[in-house]
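Structure first, commentary second.
Please read these numbers as outputs of a predicted model, since none were measured by experiment. Just follow the structure's listing: the first ligand is 1, and inside any ligand the first atom is 1.
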Amino acid sequence: MSMQRCDVAIVGGGIVGAAIALGLLRQGVDVQLFDRDPPMPATDANDYDLRVYALSIASQRYLQSIGVWDAIVAERACAYAQMRVWETEPGDALKFDAAEARAAALGHIVEGRVIQRQLWRALPPENVHHDCAVESLQVDADGARLRLGDGREVAARLVIAADSARSPLRTQQGIEVSGQRYAHTAVVCHVRTGEPHRHTAYQRFLPTGPLAFLPLADGRSSIVWSSIEAEQLLAMDDWTFRLSLDEAIQHALGPILECTERVSFPLQLQNALEYVKPRFALAGDAAHVVHPLAGQGLNLGLGDAAELVDVITAARAVRRDIGSLRVLARYQRARRAEVNEMIAVTDGLYRAYRVQLPGWDWLRQRGLLAVNAIAPLRQLLVRRACGL
Ligand SMILES: Cc1cc2nc3c(=O)[nH]c(=O)nc-3n(C[C@H](O)[C@H](O)[C@H](O)COP(=O)(O)OP(=O)(O)OC[C@H]3O[C@@H](n4cnc5c(N)ncnc54)[C@H](O)[C@@H]3O)c2cc1C
């Protein structure tokens, strides 16, 4: 069987892998993308994906730069201009406003399937291989060689693995991870509420875990309820669940009128000890997984995409080997700093709200009120949350 050759082979056609592939293709790089799943089936307009993401302004800019943002918004997205975060009293909520970041919106809530579909639509079919699991990777001084499930082989100067948190290629390359399984499991569903969402994202920190309401384009809200009591939440009948949800969000959006099926996701913290090796780079969840309480996992992955495209384009411009460790180290340095900062925030918040010491909840509440009262600090937090 003949060997296929390319400059960059990307393993994993999730949002991150597809966003890297499109970014590199736009720069004229010879890329092949491999995903083990079949192409996404067409869905009808009323069928909302339960996986939705809060995309930051930085992610929006990257998707704009590779030419898919307008199509994503045209298909379906909901801009949100405000955010309310509280622990005990909705009236004491920490308030973030897009105007403070001098932006029209803090970000957009978008279904995973919409982003994925528009990325795949923009990729030329000759560069994408569906139903194509990558089985192994061999690296030597001259190049990298992938073996596919159907026995074919692909030679590349650089292999990028965006093949999920479990990343078989990361394991094969002997890269270890640090982290832990969180006590929370996320329960996700969409709800119709008595009051309109007013393009606002709501988050309450409960003793059992954070509960977020994210606005959807059709007026409903998407729920991410990370809880130590997820099993009980999943076992409740519809009526009891809706009442519990309304109580948990302290009636901020009126009664919960309707609720879709509930799905759940176990949560973890995971960070690869190395993001790069000669001729090999990790991106997206394959490199790092954070708690979704700040809605930043995919934003970090799209940050990886933007940085990788920059680093590879710059190396090509001066005829450097794009698979060399020297070139890839720049990517690792830049991303490690941002990921570590995000881990400190998300893991720190997870821990701060797990502590149940006398007086601790009072301290946390004072902290939120203090941030609310200091406009420059609030503005700084808004700009960081938007990825600006
Ligand atoms: C409840 C919850 C809420 C979240 N909310 C947000 C949010 O609001 N904002 C945000 O930014 N992030 C959020 N995240 C994080 C986000 O879901 C992930 O960071 C993101 O989906 C990771 O995308 P990825 O492309 O790296 O990986 P994946 O989506 O896991 O894609 C990996 C791809 O690799 C393919 N693959 C795997 N193995 C192979 C192989 N051997 N050969 C070929 N292909 C292979 C798979 O088929 C898949 O397509 C949330 C996460 C959870 C759990």
Considering heavy atoms of the protein only, find what lies nearest to atom 45 (C) of ligand 1 and give residue, atom and distance to 0.1 Å.
R36 CG, 3.8 Å
Using heavy-atom distances only, which candidate in G12, A18, S264, S167 approaches atom 34 (O) of ligand 1 most closely?
G12
Report, in ascending order of atom number, the atoms of ligand 1 lying under 4.0 Å from any heavy atom of F34.
43 (C), 44 (N)
Do ligand 1 and G297 have nitrogen or oxygen atoms that lie under 3.5 Å from each other?
yes
What are the two closest heavy atoms between T346 and L293, and how far apart are they?
O-CD2, 3.7 Å
Looking only at the side chains, is there a donor atom on one of Q118 and E75 sitting less than 3.5 Å from an acceptor on the other?
yes
Are R51 and E111 within salt-bridge range, i.e. N to O under 4.0 Å?
no
If you measure from atom 49 (O) of ligand 1 to every heavy atom of L298, V52, D35, which option wins on shortest distance?
D35
Taking the basic N atoms (NZ, or NE/NH1/NH2) and the acidic carboxylate oxygens, is any pair closer than 4.0 Å for R113 and D47?
yes
From the options A162, A161, A287, A54, select the one whose nearest heavy atom is closest to atom 32 (C) of ligand 1.
A162
Given that the side chain starts at C-beta and the backbone is N, CA, C, O, which of these parts of D285 lies under 4.0 Å from ligand 1, counting heavy atoms, or is it both or neither?
both
Exactly one of L169, V154, I10 should register a side chain to side chain contact (heavy atoms under 4.5 Å, CB included) with V159. Which one does?
L169
Cationic N near anionic O, under 4.0 Å, R335 to E307
no
For ligand 1, is there an N or O atom under 3.5 Å from any N or O atom of G284?
no
What part of R51, side chain from CB on, backbone N/CA/C/O, both or neither, has a heavy atom under 4.0 Å from ligand 1?
side chain
Give yes or no for whether the N/O distance cutoff of 3.5 Å, strictly under, is met between V16 and ligand 1.
yes
Apply the test ring-ring contact (aromatic ring centres under 6.0 Å, His included) to residues H130 and F34: give CA-CA distance (whole Å), side-chain angles for both, the deciding distance (0.1 Å), then the verdict.
CA-CA 6 Å; H130 290 289; F34 302 90; over 10 Å; no
Which is it for V11 and ligand 1 at heavy atoms under 4.0 Å: side chain, backbone, both or neither?
side chain
Can N299 and Y53 be counted as having a side-chain donor-acceptor contact under 3.5 angstrom?
no
Closest to atom 29 (O) of ligand 1 by heavy-atom distance, out of P168, A201, A19, G14, is G14
Side-chain ion pair, R145 and D140, N-O less than 4.0 Å:
no
Is there any N or O on G295 that sits under 3.5 Å from an N or O of ligand 1?
yes
H108 and Y80 aromatic centres sub-6.0 Å
no
When only distance counts, is A186 in polar contact with ligand 1, meaning an N/O pair under 3.5 Å?
no
Taking non-hydrogen atoms only, is C132 closer than 4.0 angstrom to ligand 1 via side chain, backbone, both or neither?
backbone
